[in-house]
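Quick notes on the structure that follows.
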Amino acid sequence: MGDVLSTHLDDARRQNIADNGFRAFSRYGISGVVGMGVPLQQPTADYCTVPGPPAPFARHLGCPERDPCQLFWWRPPTGLLPADRPNSGCSEEKTGRILTEFLRFYEDQYGVALFNSMRHELEGTGVPQAQLLWRKVPLEERIIFSGNLFQYQEDNKKWRNRFSLVPHNYGLVLYENKVAYERQVPPRAVINTAGYKILTSVDQYLELVGNSLPGMTSKSSTTPILKCPTQFPLILWHPSARHYYFCMMTEAEQDKWQAVLQDCIRHCNNGIPEDSKVEGPAFTDAVRMYRQSKELYGTWEMLCGNEVQILCNLVMEELGPELKAELAPRLKGKPQERQRQWIQISDAVYRMVYEQAKEHFDRTLSKLQAARPAMEAAIRTDMDQVITSKEHLASKIRAFILPKAEVCVRNHVQPYIPSILEALMAPTSQGFTEVRDVFFKEVTDMNLNVINEGGIDKLGEHMEKLSQLAFHPLKMQSCYEKMAPLRLDGLQQRFDVSSTSVFKQRAQLHMREQMDNAVYTFETLLHQELGKGPTKEELCKSIQRILERVLKKYDYDSSSVRKRFFREALLQITIPFLLKKLAPTCKSELPRFQELIFEDFARFILVENTYEEVVLQTVMKDILQAVKEAAVQRKHNLYRDSVVMHNSDPNLHLLAEGAPIDWGEEYSGGGRGDSPSSPEAAALSEKRRRAKQVVSVVHDEEAGLPFEAGPEPPAPVSPDSVAALRGLLARDLRAESPPPPAGPLLNGTPAPEGALPVAAPEASSLPQHPPPGKAVDLEPPKPSDQETGEQVSSPGDHPTIHTTTEDSAGVQTEF
């Protein structure tokens with residue numbers, strides 16, 4: 001490893017830099033060092049002058065002294081570094097070598113992915129058409145969550161109350177306070193949570209940090225690296241990047257913020273767009289091929305985020321251990337100081353790797369996209385010949401490996417497929433069932449409120465809330481929690497599955513997608529029904545009829561999505577295991593098949609990819625058979641593929657071609673006859689703007705640490721079972737003039753101006769449904785679940801928010 005130079009300042013100087021908005025990073029030979037040199041043309045947000053003397057921390061690492069004058073980012077002239085450090089810049093070279101090697105895999109996979117995409121468009125797949133509609137125009141300019149929480153500031157080692165919000169892109173935005181947000185002051189940070197884990201205990205965090213350096217444990221010091229003033233911390237931990245520390249006042253607040261942050265992580269981890277048919281598959285295949293070239297098989301937990309973030313994780317997987325082995329013996333000070341120093345160094349290296357990876361990847365992607373038109377023209381011209389050549393290559397490889405692969409599948413994979421499938425089916429199906437129950441409950445509650453609150457005049461307000469149901473982290477939490485028990489006991493180590501979190505998050509994303517599809521289909525059908533001008537009684541009956549129609553479609557789509565998820569998960573578990581088993585006898589023989597590929601087609605056909613496809617085919621029939629048997633036996637309400645005919649409701653899909661529905665504009669009662677300047681119209685406009693916020697939990701910004709939570713309000717009785725809800729509907733429809741409700745409605749009506757501004761400590765998840773026929777007491781909607789509980793300015797009035805990560809000085813670095 002090369003020389004290590006650092007620009008970390010002492011606490012007093014670091015505070016001065018934080019106040020002036022400067023940034024200083026450690027350099028580990030990634031793309032330069034810090035010291036006396038030629039200044040840049042002009043300082044930027046990432047490269048700036050830093051006044052002050054050299055940090056004592058640099059001497060802890062054995063770095064040479066620097067002159068106490070202005071420091072600049074620069075590249076050291078030849079011969080500057082000490083003669084006893086001949087390998088200076090080795091880490092920069094290693095990072096460049098890893099990136100270059102990976103990007104060769106990416107360039108190879110790009111041509112294969114382009115050919116596969118064009119072949120797929122030409123031949124089609126015959127996949128059954130979904131019964132539910134999907135939202136073509138996403139819900140944007142929505143604030144998923146907002147509120148106050150305490151954040152630990154590493155520069156002054158104090159806890160500060162921050163106003164925080166989560167917009168539709170799921171970046172956690174931190175403002176100095178709510179006034180700063182309303183005055184359009186730039187946020188202190190927008191955290192991209194891809195790759196992070198949420199820790200709810202300081203002991204958990206100290207154990208991870210203690211194990212990060214050799215020779216140290218969480219009990220190495222009596223003074224921990226972090227002290228939390230309350231018993232309810234939330235810590236965002238990353239194996240390489242900076243850590244973030246938050247705390248709440250009550251357990252209920254901790255649960256709510258945990259659900260919100262977990263939703264952010266789930267969304268940011270899925271950083272490669274689903275609609276990317278070439279770049280996305282090429283990148284993921286390149287990652288798999290690269291890691292397999294290093295004898296690393298099985299699932300990889302850090303395949304999360306966008307392409308550059310994943311590439312950073314790939315580099316740090318190799319660079320991190322070497323960096324740790326080089327620096328750990330040279331860190332000085334008490335254990336907690338060494339831990340803090342290591343976290344800062346690791347984060348600085350990660351940032352520098354990110355810059356270098358982004359530059360390399362963008363350059364390579366631009367080159368490939370420029371060459372894509374010529375590649376597409378070649379594929380269209382020679383499509384038949386390329387397909388014939390690939391099938392000929394596959395037949396030769398199949399003849400060579402089939403006997404060995406079949407024996408391996410029969411002895412090592414086939415006996416375990418049913419148990420793996422059962423372990424996947426139970427929690428996944430419970431989660432999709434919970435999605436169905438939550439959707440049914442929300443629509444039925446809305447129907448009751450339409451009866452009790454004046455019919456169509458309030459419909460727009462209720463539908464505005466319902467349209468955001470899939471993005472409500474608290475209401476969806478009960479669905480996501482069903483995946484928590486997923487275990488592959490006894491099989492995880494056998495098949496080299498590092499973690500089940502990959503499958504949990506994938507299933508949870510499917511749940512959110514199916515919930516949004518069900519809601520959007522319901523919206524579309526209801527909007528069509530409203531064109532007939534129904535009365536209040538007719539409207540309520542239509543809502544119930546549309547609900548039952550949508551639930552039938554949901555059941556079919558849920559079955560199709562789960563079966564596809566099971567097949568993909570089984571392949572993701574078994575294929576790497578088979579490739580690892582067959583590698584000693586088969587991999588060395590693959591180069592001799594290269595001569596079967598015409599040179600003109602070498603960009604679109606690779607021996608390694610064809611070999612994997614042949615291995616996949618040997619186990620695919622067993623996986624398909626296992627999933628088919630589960631569907632035939634109706635396990636977990638799985639349908640056979642022939643239960644519903646394709647295109648059973650073609651007219652429904654024609655409705656989705658219309659413009660998006662704006663419920664707040666079309667069906668907002670109470671203000672349609674008012675002038676724009678009237679107080680009623682102004683109040684209605686403000687309510688519509690606040691309705692764009694899915695959920696808000698806002699605390700008293702002047703409160704100190706700690707404060708007492710307020711008492712919980714009493715919970716009124718509410719029906720829950722299907723039979724009870726339908727009975728209430730029938731009874732209310734027969735009544736001539738239903739009395740106004742005495743308590744808050746189940747789906748949450750707008751809170752009065754004097755409503756609770758502080759999040760009450762109720763549970764955030766929905767209670768479990770009892771068996772049909774039993775009516776039970778159900779908790780009312782919580783104040784934190786009120787979509788209009790806090791007046792938050794429309795995000796459209798603020799500067800564009802980029803996904804960033806904040807450094808210790810509070811200045812943003814865009815990721």
Side-chain angles (χ1 to χ4, degrees), residues 100-125 277-279 281-297 364 367-368 371-410 413 571 574-622:
T100 301
E101 185 180 356
F102 169 80
L103 292 173
R104 280 201 298 267
F105 281 92
Y106 182 58
E107 291 177 5
D108 292 341
Q109 295 299 324
Y110 192 90
V112 176
L114 181 60
F115 167 74
N116 291 336
S117 174
M118 296 179 66
R119 183 179 182 181
H120 171 77
E121 293 177 1
L122 180 65
E123 298 178 349
T125 59
K277 304 302 183 184
V278 177
E279 287 81 3
F283 186 85
T284 54
D285 287 347
V287 170
R288 189 182 69 255
M289 292 294 185
Y290 176 82
R291 298 187 78 246
Q292 288 177 4
S293 70
K294 306 296 182 182
E295 303 298 327
L296 297 173
Y297 295 84
T364 302
K367 181 178 69 174
L368 291 172
R372 179 170 176 170
M375 297 171 68
E376 289 179 343
I379 292 173
R380 290 192 183 96
T381 302
D382 301 324
M383 175 68 79
D384 292 339
Q385 291 87 339
V386 176
I387 293 175
T388 302
S389 179
K390 182 176 180 179
E391 290 177 349
H392 177 66
L393 173 65
S395 65
K396 295 296 184 181
I397 295 178
R398 187 180 299 108
F400 168 67
I401 72 163
L402 192 58
K404 304 174 184 178
E406 288 182 341
V407 171
C408 190
V409 169
R410 185 167 59 251
V413 175
L571 287 173
T574 58
I575 292 299
F577 174 79
L578 284 174
L579 293 174
K580 186 177 181 179
K581 281 284 186 181
L582 295 172
T585 58
C586 298
K587 196 169 183 180
S588 60
E589 300 293 329
L590 293 181
R592 66 185 179 90
F593 293 100
Q594 186 67 37
E595 62 185 21
L596 300 177
I597 304 175
F598 292 111
E599 185 177 355
D600 294 342
F601 305 155
R603 292 177 297 174
F604 315 125
I605 305 175
L606 294 179
V607 172
E608 291 80 3
N609 290 65
T610 309
Y611 164 70
E612 287 196 0
E613 291 176 10
V614 172
V615 174
L616 182 148
Q617 293 168 5
T618 60
V619 71
M620 191 63 184
K621 58 182 180 182
D622 294 308

Kindly list each side-chain donor-acceptor pair under 3.5 angstrom involving residues 589-602, sequence neighbours excluded, with atom names and distances?
unit_1, atom_1, unit_2, atom_2, d
Glu589, OE1, Arg592, NE, 3.3

Test of understanding: with side-chain contact (heavy atoms from CB on, under 4.5 Å), list the residues that count as partners of Arg372, not counting sequence neighbours.
Tyr110, Leu114, Val278, Glu279, Glu376
Just jot down the salt bridge (charged side-chain N to carboxylate O under 4.0 Å, His left out) partners of Lys390, sequence neighbours excluded, or say none.
Glu613
Is there a side-chain contact between Phe105 and Val287, using heavy atoms and a 4.5 Å cut-off?
no
Who passes side-chain contact (heavy atoms from CB on, under 4.5 Å) against Lys294, sequence neighbours left out?
Glu101, Tyr290, Leu296, Glu318
Show me, pair by pair, the donor-acceptor contacts under 3.5 angstrom made by side chains of residues 403-410, not counting sequence neighbours?
none

Any side-chain heavy atom of Tyr297 within less than 4.5 Å of one from Phe577?
no
Ring pair (Phe, Tyr, Trp, His ring centres under 6.0 Å) partners of residues 378-398, not counting sequence neighbours, each pair once:
none
Any side chain to side chain donor-acceptor pair (under 3.5 Å) pairs touching residues 394-403, not counting sequence neighbours?
Arg398-Gln617
Could you pull out all residues at least two apart from Tyr611 that satisfy ring-ring contact (aromatic ring centres under 6.0 Å, His included)?
none
Going by the rule side-chain hydrogen bond (donor to acceptor under 3.5 Å, both in side chains), which residues pair with Asn609 if we only count those two or more places apart in sequence or in a different chain?
Gln109
Holding to side-chain contact (heavy atoms from CB on, under 4.5 Å), I want the full list of residues that pass it with Glu107, two or more places apart in sequence or in another chain.
Thr364, Lys367, Leu368
Close side-chain approach of Ser389 to Ile605, heavy-atom, < 4.5 Å
yes
Do any N or O atoms from the side chain of Thr381 and from the backbone of Ala377 form a donor-acceptor pair under 3.5 angstrom?
yes
Any residue meeting side-chain contact (heavy atoms from CB on, under 4.5 Å) with Arg288, in chain and number order, not counting sequence neighbours
Asp285, Gln292, Glu612
All salt bridge (charged side-chain N to carboxylate O under 4.0 Å, His left out) counterparts of Glu295, not counting sequence neighbours:
none
Would a 4.5 Å heavy-atom cut-off, applied to side chains only, mark Val615 and Leu582 as touching?
yes
